[in-house]
*Asks:* 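To start, I am sharing the structure in question, which I have written as structure tokens.
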Amino acid sequence: WNQRRFEIIDELLSPDSRCISSEGAVIGREGFREKMLSPLLAAFPDVSVTIDGTLAQGDEVVVRWTARGTYTGEGLGFPANGRTFVAPGMTWIRYDHGRMREGLNCWDFGGLVAGLRDAAPEAVAS
């Protein structure tokens, strides 16, 4: 995310990977690029992710992370307003033959969007 090296997606994700979140499931590498990566970067061109912790057992890894960004792009259904966010989350990843096969994302993206849309201009959503 932070280095914008998205060509590595083909190395990291299995061809039939599944990324599951409250918005539904995204299947495959192209699905990830089109339905998760592109919309997020369009809305938050400066998004960055900090890894806060990991826990691994066998072929599963849980990653606790914090995303930060500024709504200066498009795609959330309302005009960009320059408001920033800080959002904690977790992703539970299952690996198969060294590639991510399934990821379960847990974070409140809907709440984040509502906070950016509805907050007073000087407020910061968190």
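Residue numbers run from 1 in the order of the sequence given.
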*Asks:* Just by modelled atom types, is the Ala25 backbone N or O under 3.5 Å from a matching donor or acceptor in the Arg18 side chain?
*Replies:* no
*Asks:* If two hydrophobic side chains count as joined below 4.5 Å and joins carry through other members, does Val62 share a cluster with Trp1?
*Replies:*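 Hydrophobic grouping puts Val62 apart from Trp1.
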*Asks:* How many angstroms lie between atom CZ of Arg94 and atom OG of Ser14, to the nearest 0.5 angstrom?
*Replies:*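 Answer for the CZ-OG pair, Arg94 versus Ser14, is 8.5 Å.
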*Asks:* Can you name the closest pair of heavy atoms from Asp10 and Arg33 and give their distance?
*Replies:* OD1-NH2, 2.9 Å
*Asks:* Any idea which heavy atoms bring Ala56 and Val61 closest together, and the distance?
*Replies:* CB-CG2, 4.0 Å
*Asks:* Quick check: are there more than 12 heavy atoms from other residues, nucleotides or ligands sitting under 6.0 Å from CD of Gln57?
*Replies:*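 Counting other residues, nucleotides and ligands, CD of Gln57 stays at 12 neighbours or fewer.
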*Asks:* Please check if the side chain of Thr91 supplies one atom and the backbone of Leu104 the other of a donor-acceptor pair under 3.5 Å.
*Replies:*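 Not confirmed, Thr91 side chain does not pair with Leu104 backbone.
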*Asks:* Please check: side-chain N/O of Asn81 versus main-chain N/O of Leu116, any donor-acceptor pairing under 3.5 Å?
*Replies:*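 The answer is yes, because a donor-acceptor pair under 3.5 Å joins these two groups.
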*Asks:* Is Leu12 reachable from Ile20 through a run of I, L, V, M, F, W or Y residues, each pair having side-chain heavy atoms under 4.5 Å apart?
*Replies:* no
*Asks:* Under 3.5 Å, side chain of Asn105 to main-chain N/O of Cys19, donor-acceptor pair present?
*Replies:*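 No, because the side chain of Asn105 does not come within donor-acceptor range (under 3.5 Å) of the backbone of Cys19.
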*Asks:* So which heavy atom on Glu34 is nearest to which on Pro39, and how close?
*Replies:*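 Closest heavy-atom pair between Glu34 and Pro39: O-CD, 3.3 Å.
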*Asks:* Does any non-hydrogen side-chain atom of Arg68 lie less than 4.5 Å from one of Thr50?
*Replies:* yes
*Asks:* Determine whether Val47 and Arg4 make a side-chain contact, defined as any pair of heavy atoms from C-beta on separated by less than 4.5 Å.
*Replies:*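 The answer is yes; the side chains approach within 4.5 Å.
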*Asks:* Is the backbone of Val49 close enough, under 3.5 Å, to the side chain of Asn2 for a donor and an acceptor to pair up by distance?
*Replies:*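 Judged by distance alone, yes, a pair lies under 3.5 Å.
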*Asks:* Which atom names give the shortest non-hydrogen contact between Glu11 and Arg99, and what distance separates them?
*Replies:*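 Nearest heavy atoms, Glu11 then Arg99: O-NE, 3.3 Å.
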*Asks:* For Phe78 and Tyr71, which heavy atoms make the closest approach, and how far apart are they?
*Replies:* O-OH, 2.5 Å
*Asks:* Can you tell me how far CE of Met100 sits from CZ of Arg29, rounded to the nearest 0.5 angstrom?
*Replies:* 11.5 Å
*Asks:* Does a side-chain heavy-atom distance below 4.5 Å link Leu112 with Phe44?
*Replies:* yes
*Asks:* Working to the nearest 0.5 Å, report the span between CZ of Arg101 and OH of Tyr95.
*Replies:* 14.0 Å
*Asks:* Can you tell me if CH2 on Trp107 sees more than 12 non-hydrogen neighbours from other groups inside 6.0 Å?
*Replies:* yes
*Asks:* Can you confirm whether more than 12 heavy atoms, excluding those of Glu74, are under 6.0 Å from its CD atom?
*Replies:* no
*Asks:* Looking at Arg83 and Asp118, is there a salt bridge between them, counting it only when a charged N and a carboxylate O are closer than 4.0 Å?
*Replies:* no
*Asks:* Say you draw a straight line from OG1 of Thr66 to CE of Met90; how long is it, rounded to the nearest 0.5 Å?
*Replies:* 11.0 Å
*Asks:* How would you list all residue pairs meeting side chain to side chain donor-acceptor pair (under 3.5 Å) that involve residues 36-48, not counting sequence neighbours?
*Replies:* Asp46-Thr70
*Asks:* Which pair of heavy atoms, one from Gly73 and one from Ala80, lies closest together, and at what distance?
*Replies:*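 Closest approach of Gly73 to Ala80: O-CB, 3.1 Å.
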